[in-house]
**Q** 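Let me begin by handing over the structure; questions about it come next.
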Amino acid sequence: MTEFTPKNAAYHSELEESGFDVLPDGQLSPAAAELALGEVADGVVVTDRHGLVRYSNPLVSELCGNLVGLLPGQVLADSLPLFDNEGQLLDLNLATGDREEDIPSRRELRANIRRDEGDLLEVSVQINSLKRGAELDGYVLVLRHTSEARRISSRLSWQSSHDALTRLPNRQTFEHALQQLLNTDTGPRQHHILLYLDVYQFKVVNDTLGYSAGDALLIALAKILTRCLGKDDLLGRVGSDEFALLLKDCTLEEAKRIVTRLREAVNDFVFQWEDSETRPALSIGAVSVDSHAPPASQLLASANDACSAARDQGRNRVKFFGDSRKALEKRRESTWLAEIHAAIREDRLLLYRQPVVALQDQNRVHHYEVLVRMQGRDGDVISPGLFLPAAERYGMIDEVDRWVIRNIFRYMALEQSSGSGGFHYAINISGISLGDELFADFVLRELTEAGVAPSRVQFEITETSAINNLDRALVFIHKLRAAGCSFALDDFGRGASSLAYLRQLPVDYLKIDGSFVRNMLEDEIDSAMVSTVDHLAKRMGISTIAEFAETPELLEKLRLMGVDYAQGFGIAAAACLPEISEPRPPSCN
């Protein structure tokens, strides 16, 4: 929760800028009112006398199922249509032609909100008319869940998905929304632009004026940027002084005009704090988003790289990713190289896991795939798409593999000693480790020292790495399978030589490449590919795992098709390993 001070309140207030007095006689300033409204568990919308939105608090976006919510200047009836129980549109009569003295001061009705996901949400709507003397000045609408539990749930949901300071979507929510767009936008003509914005020399403000000033500056900039948004655009806070902006259905030329507008809006702003004046500036990186775009984490990394290049050139610079792609990639990877060394040395790598469920056994968890993340120096969690490519390119991935092996075996041993028996885990092995003739002995030694049952361990290797190191891969697989471990061939179907080499690789599972699974409901060819791979695997006595299973409908189709296992956001996202207490030695008393 943001601490209220008269200084930072001034940078929150959209109500103050609209010239709207929430309470008469100065009892409560607009800034203080806005901070208070931001913390209640109901949606609050303030309009003028004609039904144009002046302000909406954060809970309105949660009720609508829309990350952006309502923006000032929008017509409420168009932006937030309400329906009766028969699905008919309700008219709230905000822009009524009735005599103002006949307008009731308060009225209440039941309505339904059609959320962005398509479902209806029942709410009570309290409409309060505000007057200056006898003259109507506007309305305050309070939207409330019909159950107390839903009200609290909405509040908690909003808090977990938004940044407490700026009230914008946080990095996790923004990245998830971007990935959803990538998953659903498959048309060749769909084109979007992702902007990454950094507050130029923000650290100087924190160091000279204090963290309260820095917070107030971020709040003010978030408001300025929000005013430049279209109704479908998405702005999020993705770092301490970094924002990301997704411009939907936007061409490169349109994006350049919007970037110009953003820079001009920030340039016109003078940040005043005590006796100091600061003129903030932005560094902006941009990247195109289309049907051929990589995953969301890589897109954000690319936009961040372009932003870094812009920042290196000075104030108010813009860099479009691709202008000097090779230079950006090289600089990013060399930066990550030092950071990976430090993370391993300082034990700042983190283990996550994602469940793989048995589709033919009521989606029971069969095992977990082990995933690695990095904890940044500021405490933020860094996704693997940002640092693992550099680790692979510069030959450090085997050090990461060894760190993962040691730590996951240690965790599995704790699970065993806790008395629960423990889950099974799948561990990714890189091509470099697979080609290391000493790596199999290292794994066997760590397995023995940890005392972990080999039957609980599965190793995932990509078909590309296996084919490139076929002889070494076969030695590795045979040694570990002889000890009792199992193997999965990851990303199967992506390479051109998949079928030719499958006979030579004694694996227990085939992981069907997610690029086929993701679109199989809409694409008959992808569906046929999944079915063919599954049928082939069954004939060879190999179980199948479908990646990128992201909807209940997709899971059901995979189950009916006969696929054995699945993983993806439709089941659960990756999460940090649950903590297990170290067992205490027996007491001598």
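Residues take their numbers from the sequence shown, with the count starting at 1. Computed from heavy atoms alone, side chains included, the values below leave out hydrogens, waters and symmetry copies.
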**Q** How long is the gap from CD1 on Ile408 to CH2 on Trp403, to the nearest 0.5 Å?
**A** 9.0 Å
**Q** Using the salt bridge (Lys or Arg N to Asp or Glu O under 4.0 Å) rule, collect all pairs that involve residues 439-452, keeping only residues at least two apart or in two chains.
**A**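 Those involving residues 439-452 are Asp441-Lys479.
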**Q** I need the full list of salt bridge (Lys or Arg N to Asp or Glu O under 4.0 Å) pairs touching residues 543-555, with sequence neighbours left out, sorted by first then second residue.
**A**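 Of all non-adjacent pairs touching residues 543-555, those that pass salt bridge (Lys or Arg N to Asp or Glu O under 4.0 Å) are Lys511-Glu547.
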**Q** Assess the residue pair Glu399 and Arg402 against the criterion (salt bridge (charged side-chain N to carboxylate O under 4.0 Å, His left out)); give the C-alpha distance rounded to whole Å, side-chain angles, the decisive distance to 0.1 Å, and a yes or no.
**A** CA-CA 5 Å; Glu399 293 186 45; Arg402 289 171 182 261; over 6 Å; no
**Q** Going by atom types alone, do Asn85 and Glu122 pair a side-chain donor with an acceptor below 3.5 Å?
**A**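 Their side chains do not contain a donor-acceptor pair, so the 3.5 Å distance test is not met.
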**Q** Would you sort out whether Phe409 and Val443 count as a side chain to side chain contact (heavy atoms under 4.5 Å, CB included), showing the intermediate values?
**A** CA-CA 10 Å; Phe409 284 177; Val443 173; 4.3 Å; yes
**Q** With no hydrogens and no angle check, just 3.5 Å: does a side-chain donor-acceptor pair link Asp564 and Thr544?
**A**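 Note: Asp564 and Thr544 side chains meet the donor-acceptor criterion.
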**Q** Does a sphere of radius 6.0 Å around NE2 in His535 hold more than 12 heavy atoms from other residues, nucleotides or ligands, not counting ones at 6.0 Å or beyond?
**A**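 No.
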**Q** State the CD1-CG distance between Ile571 and Leu555, to the nearest 0.5 angstrom.
**A**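 The CG atom of Leu555 is 5.0 Å from CD1 of Ile571, to the nearest 0.5 Å.
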**Q** For the aromatic rings, using the six-membered ring if either is Trp, is the centroid distance between Phe487 and Phe476 under 6.0 Å?
**A**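 They qualify: ring centres under 6.0 Å apart.
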**Q** Decide whether Asn170 and Thr173 meet the rule of one side-chain donor and one side-chain acceptor closer than 3.5 Å.
**A**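 There is such a pair (donor and acceptor under 3.5 Å, judged by atom type) between the side chains of Asn170 and Thr173.
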**Q** Establish, for the pair Arg353 and Phe423, whether the NZ or CZ atom is under 6.0 angstrom from the six-membered ring centre and no further than 45 degrees off its axis.
**A**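 Checked: cation-pi criterion met.
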**Q** Go through Met520 and Met529 one step at a time and tell me if the side chain to side chain contact (heavy atoms under 4.5 Å, CB included) criterion holds.
**A** CA-CA 9 Å; Met520 58 182 286; Met529 286 289 294; over 6 Å; no
**Q** Describe, in one word, how the ring planes of His366 and Tyr565 are oriented to each other, choosing from parallel (under 30°), tilted (30 to 60°) and perpendicular (over 60°).
**A** tilted
**Q** Do Leu447 and Pro454 touch side chain to side chain, with heavy atoms closer than 4.5 Å?
**A**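 Result yes, sub-4.5 Å side-chain heavy-atom pair found.
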**Q** Ring of Phe548, cation from Arg518 - is the NZ or CZ under 6.0 Å from the centre and inside 45° of the axis?
**A**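 Arg518 over Phe548 ring: no.
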**Q** Hey, does Ile461 have a side-chain heavy atom less than 4.5 Å from the side chain of Asp490?
**A**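 Contact flag for Asp490/Ile461 side chains = no.
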**Q** I'd like to check His367 versus Ile545 (side-chain heavy atoms, cut-off strictly below 4.5 Å). Are they in contact?
**A**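 Sidechains of Ile545 and His367: in contact.
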**Q** Going by heavy atoms in the side chains, are Gln416 and Val452 under 4.5 Å from each other?
**A**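 Yes; the side chains approach each other to less than 4.5 Å.
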**Q** State, with a plain yes or no, whether a side-chain heavy atom of Asn304 is found less than 4.5 Å away from one of Leu300.
**A** no
**Q** Do Arg171 and Arg237 make a side-chain contact, defined as non-hydrogen atoms from C-beta onward lying under 4.5 Å apart?
**A**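 The answer is no; the side chains never approach within 4.5 Å.
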**Q** Quick check on Phe569: does its CZ atom have over 12 non-hydrogen neighbours (other residues, nucleotides or ligands) under 6.0 Å away?
**A**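 Open: at most 12 neighbouring heavy atoms sit under 6.0 Å from CZ of Phe569.
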**Q** Does atom CD of Glu346 have more than 12 heavy-atom neighbours from other groups under 6.0 Å away?
**A** yes
